[in-house]
Amino acid sequence: MITLASDVDRLPPYEQDLTTAQRERVERLLAGPVVSLHDHPIRLPDPLTPQTWAEQSRGGTDRLGHAGLRASGLDVVLASSLAEPDQQRLLRWAARLREDIDPDGPRVLLALEDLGSIGTDLDGIVDLQVAGYRSAGLVYNAGNPLGGGLGQARDDGLTSLGREAVAVMNGLGMLVDLSHVGDRTSIDAARVSSAPVVITHAGARACWPSPRMKPHDVLRAVADTGGVIGVEAAPGSTRVDGRPAHDLDAVMTHVAYIAELVGVDHVGLGPDTFFGDHAGLYAAAGWSPQPVPGREDVPLPDHVAGMENPAEAPRNAAGWLVRHGWSDDDITKILGANAQRVLGEVLR
């Protein structure tokens, strides 16, 4: 039987230089709406090796980090599955995770990285919604019959089937997520959606020149629908060009940049974190983080200091915003009010 990583105190707490008054203000702000638009709030194996990860994946033993989530200040977390081409595995995962939800913890909404599992059968979206999924990316990096992915050399845009899929999701009250979607397909999807669309976990390409980050026209297209961009903190993602560290400061630089570009009403948090060794998961699962062309030598950090797991992310984001002089109103929007508004407009 595998051992799971602790969801509390796995690493020393991240300390910010806050006054007593600032700490009290953080606690007050965390009492308002706090939403993660995208996390993987499960406990990873410890130690994390190819063998233990394969055993957890094969055995379907994902467990939520209940203690960590209760301590996080989160009211709602969109708990995402990993990218998975097998529809039946996704349906089983949803059933297992729903059984594991803590009634005394935050509200857990199930999410999908992408709709690759449905192939060309749009009835599969209905099956996913019935199983409990309330948010789904249209495509993953390599694209699918619905449109282009961010990892493709050419993105031909949203297909006719993709337009139908957006309409089905709108009708079912599911969030249309553009996080891993190609730029042209993203703009097309935002244009045809009758409801706000979201980017649940990404950042600004102007800050870090990676295909995984989003250019100005995509960020504006999402905001123009009334949607929200959740800024992520997966190791190696929301870096800042010219800075060596990927840490809380880097992540929040993306938050500040996007708020300036499209308005603070369209920014939120989607940390994209686990309870456990996130960077080690890349190696254990055989994944390669999306490199920046010409910058493949930039080392992957062991973890993003201050944004290492779903429990510490909202608290440290609040502390950073307080320390940098943001207003209570704007902090409340970023921590969760913006996401809460969109969830209220879209979900049924």
Side-chain angles (χ1 to χ4, degrees), residues 13-39 71-78 106-107 196-204 206-208 213-214 216 219-233 238 240 243 246-273 304-308 310-346:
Y14 182 84
E15 296 293 343
Q16 297 192 68
D17 186 17
L18 299 176
T19 66
T20 299
Q22 287 174 327
R23 293 182 186 280
E24 291 173 351
R25 189 175 163 210
V26 167
E27 295 305 316
R28 186 175 72 251
L29 289 163
L30 288 172
V34 182
V35 179
S36 167
L37 280 168
H38 187 95
D39 264 313
S72 67
L74 285 165
D75 296 293
V76 180
V77 56
L78 273 69
R107 183 185 179 197
V197 300
V198 292
I199 294 170
T200 63
H201 58 299
C207 296
W208 183 240
M213 303 291 99
K214 301 299 182 181
H216 286 184
L219 296 170
R220 290 190 177 112
V222 170
D224 286 347
T225 71
V228 174
I229 298 101
V231 175
E232 78 162 302
T238 42
V240 174
R243 298 189 195 176
H246 185 200
D247 55 12
L248 176 66
D249 281 339
V251 175
M252 299 307 291
T253 295
H254 284 258
V255 170
Y257 184 91
I258 295 171
E260 177 68 23
L261 179 72
V262 300
V264 73
D265 290 338
H266 304 287
V267 189
L269 300 174
D272 192 16
T273 58
V304 178
M307 283 274 184
E308 193 268 343
E312 75 168 12
R315 183 174 302 276
N316 289 336
W320 191 96
L321 292 165
V322 165
R323 186 160 49 90
H324 285 79
W326 291 61
S327 70
D328 280 9
D329 187 47
D330 286 349
I331 296 173
T332 297
K333 290 178 180 180
I334 292 167
L335 288 182
N338 290 336
Q340 187 180 63
R341 170 183 56 79
V342 171
L343 291 173
E345 292 177 11
V346 173

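- Minimum heavy-atom separation, Y257 to A206: OH-CB, 3.3 Å.
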(Q) Using salt bridge (Lys or Arg N to Asp or Glu O under 4.0 Å), reason through K333 and D329 one step at a time and then give a plain yes or no. (A) CA-CA 6 Å; K333 290 178 180 180; D329 187 47; 3.7 Å; yes
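- When side chains are defined from C-beta on, P196 counts as touching V346, because their heavy atoms get closer than 4.5 Å.
- Remark: L248 CG to E308 CD distance equals 13.0 Å, nearest 0.5 Å.
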Q.
One pair to check against side chain to side chain contact (heavy atoms under 4.5 Å, CB included): Q340 and D75. What are the steps and the verdict?
A. CA-CA 10 Å; Q340 187 180 63; D75 296 293; 5.9 Å; no
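- You'll find the side chain of V222 stays beyond 4.5 Å of the side chain of K214, heavy atoms only.
- The only member of V267, I229, D224 that meets side-chain contact (heavy atoms from CB on, under 4.5 Å) when paired with L219 is I229.
- Proximity of a side-chain donor or acceptor of D247 to a complementary backbone N or O of G306 within less than 3.5 Å is not detected.
- Considering all non-hydrogen atoms of both residues, W326 and R25 come closest at O-NH2, 2.6 Å.
- In this structure, the side chains of C207 and T238 stay at 4.5 Å or more apart for every pair of heavy atoms.
- The shortest side-chain heavy-atom distance between W320 and R323 falls under the 4.5 Å cut-off.
- Residue Q22 qualifies as enclosed at atom CD: its count of foreign heavy atoms under 6.0 Å is above 12.
- How far CG of L321 is from CG of D330: 9.0 Å, rounded to the nearest 0.5 Å.
- For the pair R220 and L261, the minimum side-chain heavy-atom distance is below 4.5 Å.
- To the nearest 0.5 angstrom, I331 atom CD1 is 11.5 Å from H324 atom NE2.
- Within the 4.5 Å cutoff, the side chain of P314 has no heavy atoms near those of the S36 side chain.
- Under a 3.5 Å cut-off, the side chain of T200 and the backbone N or O of G230 do not form any donor-acceptor pair.
- A distance-only check finds a donor-acceptor pair linking the side chain of H254 to the backbone of A204 [under 3.5 Å].
- Remark: the backbone N or O of V197 is paired with a side-chain donor or acceptor of T225 at under 3.5 angstrom.
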Q | side chain to side chain contact (heavy atoms under 4.5 Å, CB included) assessment of H246 paired with V251 | A | CA-CA 7 Å; H246 185 200; V251 175; 3.9 Å; yes
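- In R107, the CZ atom is not crowded: 12 or fewer heavy atoms of neighbouring residues, nucleotides or ligands sit closer than 6.0 Å.
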Q) Stepwise, does the side chain to side chain contact (heavy atoms under 4.5 Å, CB included) test hold for V322 with Q16? A) CA-CA 11 Å; V322 165; Q16 297 192 68; over 6 Å; no
Q. Side chain to side chain contact (heavy atoms under 4.5 Å, CB included) between E232 and T273: does it pass, once the steps are laid out?
A. CA-CA 8 Å; E232 78 162 302; T273 58; over 6 Å; no
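- With values rounded to the nearest 0.5 angstrom, M252 atom CE is found 6.0 Å from I334 atom CD1.
- A salt bridge links E345 with R341; the closest basic N to acidic carboxylate O contact falls under 4.0 Å.
- Contact record, L74 with P106: O-CB, 3.3 Å, taken as the closest heavy-atom pair.
- Looking at heavy atoms from C-beta onward, E24 lies out of side-chain contact with E27 at the 4.5 angstrom threshold.
- The side-chain heavy atoms of L269 and L335, taken from C-beta on, include a pair separated by under 4.5 Å.
- For D39 (side chain) and D272 (main-chain N/O), a donor-acceptor pair under 3.5 Å exists by modelled atom type.
- Taking all atoms of both residues into account, the shortest heavy-atom contact from Y14 to E312 is CB-OE1, 4.1 Å.
- A317 and M307 get closest at one heavy-atom pair: CB-CE, 3.8 Å.
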